[in-house]
Amino acid sequence: MYDLLIVGGGPAGVSAALTARSRGREVLVVTNPPRSSPLARAKLVTNYPGMDAVSGRQMLEAMHHQLRAQEIPLLEAKVVQILPAGDRFVCAAGSEVYEGRGLILTVGAAPRTSVEGEEAYLGRGVSYCATCDGMLYRNRTVAVLGFGGEAPEEAAFLAGIGCRVLYFAKGERPAALAAGMEFRRAVQYRIQGDGTRVTGLEADGYLYPADGVFLLRDSVAADSLLPGLEMDGGHIRVDATMAASLPGVFAAGDCVGRPYQVAKAVGEGNIAALTADRWLSALGKESTENGSFAFDGTGL
């Protein structure tokens, strides 16, 4: 059980983690591999105070080095679901589950695109994580929609446990895709089912029978990660203290809105952690005094 789970290891997440640790909080930072980060792909960053012109990858590596120097745990895993569970949040990352009393989302600006049938069959044949759900489809046929950089590796995992994998992409066959894996290029997709389970994937009008469909993106949209989270035009709605609409949830960085700049993200991460620290302190005080606590998560 951590005081704070921080989802996202970019500038906002690193800033939040460092601030929370300075307040004595136990935190866990969960992040996609650095190569999935838009910052890591930036050739040159010239406008961040205190740093000469550096590549985005160099900047991110320096930030992560600072976390490790302070012994703040940094876990590389894709977060696929977060659920409130009474006095805590349960976070499914990769094939493991982690718990925290509070939550800071610094998940970046994930495009809110969906495939027809995705929401209807989520958990009933549609999955976002091969390592989490792959064993459910062992020795069965699955369709993989490779929308993220890690998709070829996840598809290889599925093939390795005995799945017949049909790999789909909107562009050319990825160079990292295993040589023997079946590949189809298509632009339009629709997930088919019988009302209870997935039965196949329609790609550019042709139906491919399948027992499961894996939508492998670099990240999952925030309101898909955490049900009930209030959004504003694709961004997480927060107040001036970085508190989101759900009690105990805070957010910072690109996921709360433009401009998508490192300096803005660092500042918001700091604010989110300070607010979360005050929220945790108030939570502990109220629980000690009367055994209950009611707090709407806003207006600190």
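Numbers for residues simply follow the sequence, beginning at 1.
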If hydrophobic clusters are built from ILVMFWY residues whose side chains come within less than 4.5 Å, do [X] and [Y] share one?
X	Y	answer
L74	M63	yes
L75	L105	yes
M59	V29	yes
Y206	Y189	yes
V126	Y208	yes

From [X] atom [atom1] to [Y] atom [atom2], the distance as rounded to the nearest 0.5 Å:
X	Y	atom1	atom2	value
Q261	E268	CD	CD	11.5 Å
R237	E230	CZ	CD	4.5 Å
D194	R197	CG	CZ	9.0 Å
L60	S37	CG	OG	5.0 Å
W279	L274	CH2	CG	15.5 Å
E26	I72	CD	CD1	9.5 Å

Aromatic centroids of Y98 and F89 separated by under 6.0 Å: no
Check whether any side-chain N or O of [X] sits under 3.5 Å from a backbone N or O of [Y] as a donor-acceptor pair, and report yes or no.
X	Y	value
D133	S127	no
R57	L39	no
D3	V27	no
D232	I236	no
Y121	G195	yes

Worked verdict on I104 versus L5 for side-chain contact (heavy atoms from CB on, under 4.5 Å): CA-CA 6 Å; I104 300 180; L5 296 176; over 6 Å; no
Trace of the side-chain contact (heavy atoms from CB on, under 4.5 Å) decision for V198 with D211: CA-CA 6 Å; V198 164; D211 300 299; over 6 Å; no
All pairs passing ring-ring contact (aromatic ring centres under 6.0 Å, His included) where residues 39-70 contributes a residue, at least two apart: none
Enumerate, atom names and distances included, each donor-acceptor pair closer than 3.5 Å involving a side-chain atom of residues 251-260, sequence neighbours excluded.
| from | atom 1 | to | atom 2 | distance (Å) |
| --- | --- | --- | --- | --- |
| Y260 | OH | H235 | NE2 | 2.8 |

Stepwise side-chain contact (heavy atoms from CB on, under 4.5 Å) check, R101 with L283: CA-CA 10 Å; R101 294 197 294 151; L283 182 68; 4.2 Å; yes
CD (Q188) with more than 12 external heavy atoms under 6.0 Å: no
Looking at every heavy atom in both [X] and [Y], which two are closest together, and how far apart are they?
X	Y	result
A53	T46	CB-CG2, 3.9 Å
P174	F183	CD-CE1, 3.9 Å
P34	A40	O-CB, 3.1 Å
R173	A178	NH2-O, 2.7 Å
V79	L225	O-CD2, 3.2 Å
P227	L246	O-CD1, 3.9 Å

Criterion side-chain contact (heavy atoms from CB on, under 4.5 Å) on F250 and L103, from CA distance to verdict: CA-CA 6 Å; F250 312 89; L103 177 69; over 6 Å; no
Partner residues of Q58 under the side chain to side chain donor-acceptor pair (under 3.5 Å) criterion, sequence neighbours left out: S55
Those residues that, when tested against R185, pass side chain to side chain donor-acceptor pair (under 3.5 Å) (two or more places apart): E172
Charged N-O contact under 4.0 Å between R217 and E118: yes
R25/D277 ion pair, N-O < 4.0 Å: yes
Result of checking V142, I191, L207 against L201 for side-chain contact (heavy atoms from CB on, under 4.5 Å): I191
Report, one line per pair, each donor and acceptor closer than 3.5 Å where one atom sits in a side chain of residues 6-20; sequence neighbours left out.
| from | atom 1 | to | atom 2 | distance (Å) |
| --- | --- | --- | --- | --- |
| S15 | OG | V266 | O | 2.7 |
| S15 | OG | N270 | N | 3.2 |
| T19 | OG1 | S15 | O | 3.1 |
| T19 | OG1 | N270 | ND2 | 3.0 |

Minimum side-chain heavy-atom gap V90-P84 below 4.5 Å: no
Side-chain donor/acceptor pairs under 3.5 Å, residues 143-168, sequence neighbours excluded:
| from | atom 1 | to | atom 2 | distance (Å) |
| --- | --- | --- | --- | --- |
| E150 | OE1 | R35 | NH2 | 2.9 |
| E150 | OE2 | R35 | NE | 2.9 |
| E150 | OE2 | R35 | NH2 | 3.4 |
| E153 | OE2 | R35 | NH2 | 3.3 |
| E154 | OE1 | A130 | N | 3.0 |
| E154 | OE2 | K78 | NZ | 3.1 |
| R164 | NE | E182 | OE2 | 2.9 |
| R164 | NH2 | E182 | OE1 | 3.1 |
| R164 | NH2 | E182 | OE2 | 3.2 |

